[in-house]
Amino acid sequence: HLVTALRRAVWGLLGISFGLLVAPLCSGEDAKERCCRFAEDEGLEEPLSAEQHLSYAADVLYWDGRFATVGSEAHVGVTNRTLCTADHVDLECSGATAFDCNSTGIPESTGMYTTASKEPLHLGMLASALNLSSLAFHWLGAASPEEGYNTSVRVLEVKIQEYEAYNASYPGHGGFLPWIGVSETVGQGFKPSSLTNVKIPALDNGELAWGLYAVVAALERSGEAVLAQRYRAYFDLLAGNARAFYWSSEGRVLCERVVLNSSAPVDTTNLAAEPDCQLADPFEGELMIFLLDLFGGLTEAEREALWASLADANVRVAYEDAQLDEAIDVQRGRHFSSHELWKFIQLPYTDHDTVRRLLANMERARSWHARLNGLPGFMASAYRSLSEYSDKVGIAELSCCLRDTPDPTDTFVTPYAAFPLILVNASVGLAWHRKMLAQPRMQTRLGSVESLVLSNRSAAGLPKMTWDAKVLTDLAIVGGLGPLVAEQLRADGLYQRFYLRLDDQYAVKYANLSGESMPFALPPSDSWVPDGNNRRTEYQ
């Protein structure tokens with residue numbers, strides 16, 4: 001404890017000067033002048049330099065964090081007292097120029113509900129802030145790593161209280177979260193709208209489980225033993241119930257369970273399912289599959305059956321274009337949307353060299369596709385209007401299920417779609433992110449908005465915010481949760497099994513990859529002006 005205290009003190013002192021160096025933040029009159037307009041459409045012909053990288057990353061974290069940090073003047077992404085995530089925030093601005101940060105724009109409505117995929121993003125940033133060498137303290141609005149650490153601990157104490165109260169009130173859910181209402185009443189932060197026939201998704205709850213696990217790792221590393229035990233108990237609750245909820249006797253993972261009575265204890269007789277709805281692809285659903293493999297109490301034969309169900313979807317394809325020197329080998333996506341790569345944020349996939357190289361190639365293909373088609377960013381599942389969520393976006397030739405690649409003059413790009421490239425090559429990934437944020441109406445006092453809508457002769461930010469389209473980027477900027485999870489897996493004696501599973505799934509199939517000598521494409525330096533024939537021809 002003495003060593004921990006000294007380490008915190010040293011980093012607290014260093015963090016004051018570090019924060020001033022990389023993130024001159026707005027306050028008072030200064031804020032009115034500069035506000036959130038830190039992303040400029042200049043100098044994008046080159047990757048960000050080390051100095052630009054640190055400065056830009058700190059600014060992104062600071063402004064995005066105001067969406068979720070109690071105490072900022074207009075946070076809307078969390079409840080005030082129970083600190084539960086609140087998703088789907090529509091923004092209405094007053095003032096002469098909507099969404100101009102120098103006007104008096106305020107958010108008018110907040111979605112007072114959440115789901116299991118939003119919570120791990122919050123948990124992940126809090127876990128990252130416990131690392132005193134991380135930039136995550138900016139996201140919490142803290143002046144130093146020390147202050148960020150203390151804020152994170154306080155928030156985590158409130159959140160675990162709400163998780164524990166939720167499980168006590170609704171034991172039939174097994175600790176898992178459905179789409180659920182959130183409230184300001186302490187002890188009732190998570191409040192379902194119904195106590196019967198409650199749908200609980202597997203994919204989202206796999207993400208929640210690994211978010212909790214990362215917090216356990218961060219708390220144990222920091223010497224916060226009591227709080228770590230509480231989070232470990234909740235993780236163990238989910239892991240212990242995963243088999244009853246999502247494992248089917250045919251060796252498949254059910255994509256959803258319906259809890260018949262929320263007040264009854266966990267029992268298979270209290271659970272219904274649609275047997276034809278299964279997780280059977282190597283994308284973000286793998287987070288639940290790894291939970292079952294490593295912690296679900298399956299036999300060796302059952303674990304092998306679990307992974308055999310994914311084999312048909314693990315397909316190697318190549319991105320080809322006449323303007324490229326060589327094809328770029330990738331893993332085929334469902335739609336080849338960045339959203340499908342969520343698993344790379346939470347688990348240490350890139351510890352495996354073949355997987356790391358494969359991810360890099362996927363981002364090479366994504367960056368070249370955008371540049372060759374004159375797009376100012378990347379496509380991924382997001383809202384394209386206030387009421388329309390679209391997941392049928394991506395790259396058709398690299399997809400199993402997308403019929404056509406969207407028309408570049410009638411589609412949208414979203415800042416968070418750069419998160420996998422940020423994980424692979426932060427300087428290039430942040431250059432693409434900055435390109436998107438530099439477009440009209442993309443920057444606010446609560447950070448970036450959901451998406452940039454591209455229509456025939458215009459491009460403008462959509463006045464909406466969600467946790468996915470904002471905080472996936474923030475987690476990538478601070479390095480993701482893979483290192484924390486790897487550390488805890490080693491402590492639990494399970495890292496080798498995790499690594500060998502990656503070896504089995506990827507080592508042979510992707511041993512030799514075409515396209516690795518290709519650079520990552522940079523965003524086009526000119527402004528996006530759609531004309532129906534926006535394809536570039538000069539980027540050999």
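As the structure is a computational prediction, the values presented were derived from the model and not from experiment.
Partners of Trp467 according to the ring pair (Phe, Tyr, Trp, His ring centres under 6.0 Å) rule, which considers only residues two or more places apart in sequence or in another chain, are Phe67, His122. Tyr163 pairs by the ring pair (Phe, Tyr, Trp, His ring centres under 6.0 Å) definition with Phe190, Tyr234, not counting sequence neighbours. With sequence neighbours excluded, the residues that form a ring pair (Phe, Tyr, Trp, His ring centres under 6.0 Å) with Phe245 are Phe176. Checked against side chain to side chain donor-acceptor pair (under 3.5 Å), Lys191 has the following partners two or more places apart in sequence or in another chain: Gln188. By the ring pair (Phe, Tyr, Trp, His ring centres under 6.0 Å) test, His173 pairs with Tyr166, Tyr170, sequence neighbours left out. Taking Asn167 as the reference, nothing meets the side chain to side chain donor-acceptor pair (under 3.5 Å) condition, with sequence neighbours excluded. Residues passing the side chain to side chain donor-acceptor pair (under 3.5 Å) test with Tyr349 are Glu286, sequence neighbours excluded. With sequence neighbours left out, Glu164 forms a salt bridge (charged side-chain N to carboxylate O under 4.0 Å, His left out) with Arg230.
The aromatic ring centres of Trp368 and Tyr319 sit 6.0 Å or more apart.
Taking the six-membered ring where the residue is Trp, Phe235 and Tyr213 present tilted rings, their angle falling between 30° and 60°. Using bins of under 30°, 30° to 60° and over 60° for the plane-to-plane angle, the ring pair Tyr416/Phe419 lands in the parallel bin. Under the 30°/60° scheme for interplanar angles, the aromatic rings of Phe498 and Phe290 are found to be tilted.
Counting only residues at least two apart or on different chains, the disulfide (SG to SG under 2.5 Å) pairs with a member in residues 226-270 are Cys255-Cys277. Residue pairs that meet the salt bridge (charged side-chain N to carboxylate O under 4.0 Å, His left out) test with at least one member in residues 115-124, sequence neighbours left out, are Asp87-Lys118, Lys118-Asp468, Glu119-Lys159. Sorted by first and then second residue, the salt bridge (charged side-chain N to carboxylate O under 4.0 Å, His left out) pairs with a member in residues 304-314 read Glu304-Arg501; sequence neighbours excluded. Listed by first then second residue, pairs satisfying salt bridge (charged side-chain N to carboxylate O under 4.0 Å, His left out) with a partner in residues 381-400 read Arg384-Asp410, not counting sequence neighbours.
For the residue pair Ser451 and Thr414, no side-chain donor N or O sits within less than 3.5 Å of a side-chain acceptor on the partner. With 3.5 Å as the limit, one finds no donor-acceptor pair spanning the side chains of Tyr231 and Asp236.
Using a 4.5 Å cut-off on side-chain heavy atoms (C-beta onward), His335 and Cys401 make contact.
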Practice prompt. Kindly determine whether His352 and Tyr506 satisfy ring-ring contact (aromatic ring centres under 6.0 Å, His included), including the steps that lead there.
Written response: CA-CA 9 Å; His352 193 286; Tyr506 293 94; 7.4 Å; no
